[in-house]
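What follows is a single structure, written as structure tokens, with notes after it.
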Amino acid sequence: MFPTPIQKRSRNWQFSYQAFLPLALIMWLLPLIAVGIFSIKPEGDFAAGEYWSLPSTFGGFENYGRVFFESDMPRYLLNSLLITVPTAIGAVALACMAGFALGIYKFKLNLWIFFLFVAGNFVPFQILMVPVRDLTVDMGLYNTKTGLVLFHIAFQTGFCTLFMRNFIKGLPFALIEAARVEGIAEWKIFVYIVLPLMKPAIAALSVLIFTFIWNDYFWAIVLTQGAESQPVTAGITSFNAQFRAAYHLMSAGAIVAALPPVAMFFLMQKHFIAGLTLGAVK
């Protein structure tokens with residue numbers, strides 16, 4: 001059922017693994033390396049058609065300086081922050097409450113309601129594009145950060161509820177029964193007993209949702225336009241010139257845009273791994 005560990009394989013398997021692993025790593029990192037090189041190449045190299053050669057001169061300071069001081073990149077970063085943080089907080093908070101209700105209480109429609117939360121994750125984005133856009137226009141939320149936040153919260157809550165409900169189902173139910181015997185109110189059981197036990201799961205889920213929303217491009221271009229409300233993923237395309245793409249600026253902007261989720265992952269790495277592996281061993 002599970003693959004055999006490489007240490008228990010034959011010597012030929014181990015040699016092949018050690019030989020191809022660095023190659024696979026290089027192939028996986030090659031696009032990132034290319035973006036990094038593009039971000040430090042001067043504009044003249046691209047004008048001369050020197051796309052894949054080494055930089056003739058180091059243009060990193062000029063490229064990143066133009067990204068920060070001659071474009072709307074700071075505004076795009078702020079927009080992404082104002083969209084991602086409320087979305088992560090709202091989706092995780094709703095999922096904690098919904099997961100508690102679906103994981104603790106047993107009622108007739110429990111499983112059907114849970115299926116409704118899960119079913120939304122299987123709907124392709126392209127099918128929702130037109131009706132969601134029309135809905136935001138009718139509600140006066142089109143091209144606003146509020147509209148994008150509300151949509152992301154609504155759509156991400158299903159996945160978050162699936163995550164939280166399964167986590168809560170694994171908690172020792174005896175703690176909740178003991179609290180009920182003591183006459184503790186249900187909301188206090190949630191706040192003072194269940195919620196502290198959910199901290200690793202909340203941390204892991206927050207990192208995932210933060211990354212999902214920060215890197216979203218599809219809904220950013222469907223529901224917003226212009227620097228006033230667009231997040232950084234959509235704002236990078238503003239570096240396109242009239243007749244050609246400014247690859248050096250787009251690459252520098254892409255690296256800047258990728259730094260916040262990477263930084264958050266490393267800051268929350270301990271809690272993220274603990275949340276994903278909790279319950280894996282007894």
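This chain uses plain numbering: 1 for the first residue, then up along the sequence. Fair warning: this is a prediction, and the values are worked out from it, not measured in the lab.
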Sequence neighbours left out, cut at 3.5 Å: what donor-acceptor pairs do the side chains of residues 146-168 make with other protein atoms?
unit_1	atom_1	unit_2	atom_2	d
T157	OG1	I153	O	2.4
T161	OG1	T157	O	2.7
N166	ND2	L162	O	3.1

To the nearest 0.5 Å, what is the distance between [atom1] ([X]) and [atom2] ([Y])?
| X | Y | atom1 | atom2 | value |
| --- | --- | --- | --- | --- |
| L195 | K188 | CG | NZ | 15.5 Å |
| M73 | R66 | CE | CZ | 12.5 Å |
| L249 | E43 | CG | CD | 7.0 Å |
| K145 | T84 | NZ | OG1 | 12.0 Å |
| T87 | L82 | OG1 | CG | 10.5 Å |
| I193 | L171 | CD1 | CG | 11.0 Å |

Going by atom type alone, with no hydrogens or angles, which donor-acceptor pairs under 3.5 Å involve a side-chain atom of residues 173-183 and a protein atom two or more places apart or on another chain?
unit_1	atom_1	unit_2	atom_2	d
R180	NE	E186	OE2	3.0
R180	NH2	E186	OE1	3.3

The test is side-chain contact (heavy atoms from CB on, under 4.5 Å); show your working for C96 and F190 and say whether it passes. CA-CA 9 Å; C96 288; F190 171 71; 4.1 Å; yes
[X]: partners by ring-ring contact (aromatic ring centres under 6.0 Å, His included), with sequence neighbours left out:
| X | result |
| --- | --- |
| Y105 | F100 |
| F61 | F58 |
| F114 | none |
| F117 | none |

For S56 and E50, run side-chain contact (heavy atoms from CB on, under 4.5 Å): C-alpha distance rounded to whole Å, both residues' side-chain angles, the deciding distance at 0.1 Å, then the answer. CA-CA 9 Å; S56 58; E50 300 292 336; over 6 Å; no
Sorted by first residue and then second, give each salt bridge (charged side-chain N to carboxylate O under 4.0 Å, His left out) pair with at least one member in residues 31-41; sequence neighbours left out.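 Qualifying pairs: K41-D45.
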Locate the shortest heavy-atom distance separating [X] from [Y]; write the atom from each residue and the value.
| X | Y | result |
| --- | --- | --- |
| T224 | Y142 | N-CE1, 4.5 Å |
| A257 | P261 | O-CD, 3.7 Å |
| P55 | P42 | CB-CD, 4.3 Å |
| Y76 | G226 | CE2-O, 4.4 Å |

Would you say [X] and [Y] are hydrophobically clustered, going by side-chain heavy atoms of ILVMFWY under 4.5 Å?
| X | Y | result |
| --- | --- | --- |
| I83 | V222 | yes |
| Y217 | L78 | no |
| M27 | I33 | no |
| L32 | I40 | no |
| L116 | L111 | no |

Is there a donor-acceptor pair closer than 3.5 Å between any side-chain N or O of S39 and the backbone N or O of G36?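 At least one qualifying donor-acceptor pair exists.
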Any side-chain to backbone donor/acceptor pair from N110 onto L102? Under 3.5 Å, distance only.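 It does hold such a pair.
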Check the orientation of F38 and Y247. Use parallel for under 30°, tilted for 30 to 60°, and perpendicular for over 60°.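 Ring orientation, 0 to 90° scale: perpendicular.
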May I ask you to decide if the ring planes of F125 and W219 are parallel, tilted or perpendicular, using 30° and 60° as cut-offs?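 F125 vs W219 ring planes: perpendicular.
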Identify all side-chain donor-acceptor contacts of residues 227-236 below 3.5 Å with residues at least two apart in sequence or on another chain.
unit_1	atom_1	unit_2	atom_2	d
S229	OG	N143	O	3.3
S229	OG	N143	OD1	2.6
T233	OG1	D216	O	2.5

Check residues 130-139 and write down every donor-acceptor pair under 3.5 Å in which the side-chain atom is one partner and the other belongs to a residue at least two apart or another chain.
unit_1	atom_1	unit_2	atom_2	d
T136	OG1	V132	O	3.3
T136	OG1	R133	O	2.7

With a 3.5 Å cut-off and sequence neighbours excluded, list the donor-acceptor pairs that the side chains of residues 206-213 form with protein atoms.
unit_1	atom_1	unit_2	atom_2	d
S206	OG	I202	O	2.6
T211	OG1	V207	O	2.8

With ILVMFWY side chains joined below 4.5 Å, transitively, what does I26's cluster contain besides itself?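 Besides I26, the cluster holds no residue at all.
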Does CZ belonging to F107 count more than 12 external heavy atoms closer than 6.0 Å?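 Yes, CZ of F107 has more than 12 neighbouring heavy atoms, counting only those of other groups under 6.0 Å.
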Going by side-chain hydrogen bond (donor to acceptor under 3.5 Å, both in side chains), name the pairs with one or both residues in residues 16-28, residues two or more places apart or in two chains.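 Every pair satisfying side-chain hydrogen bond (donor to acceptor under 3.5 Å, both in side chains) with a residue in residues 16-28: there are none.
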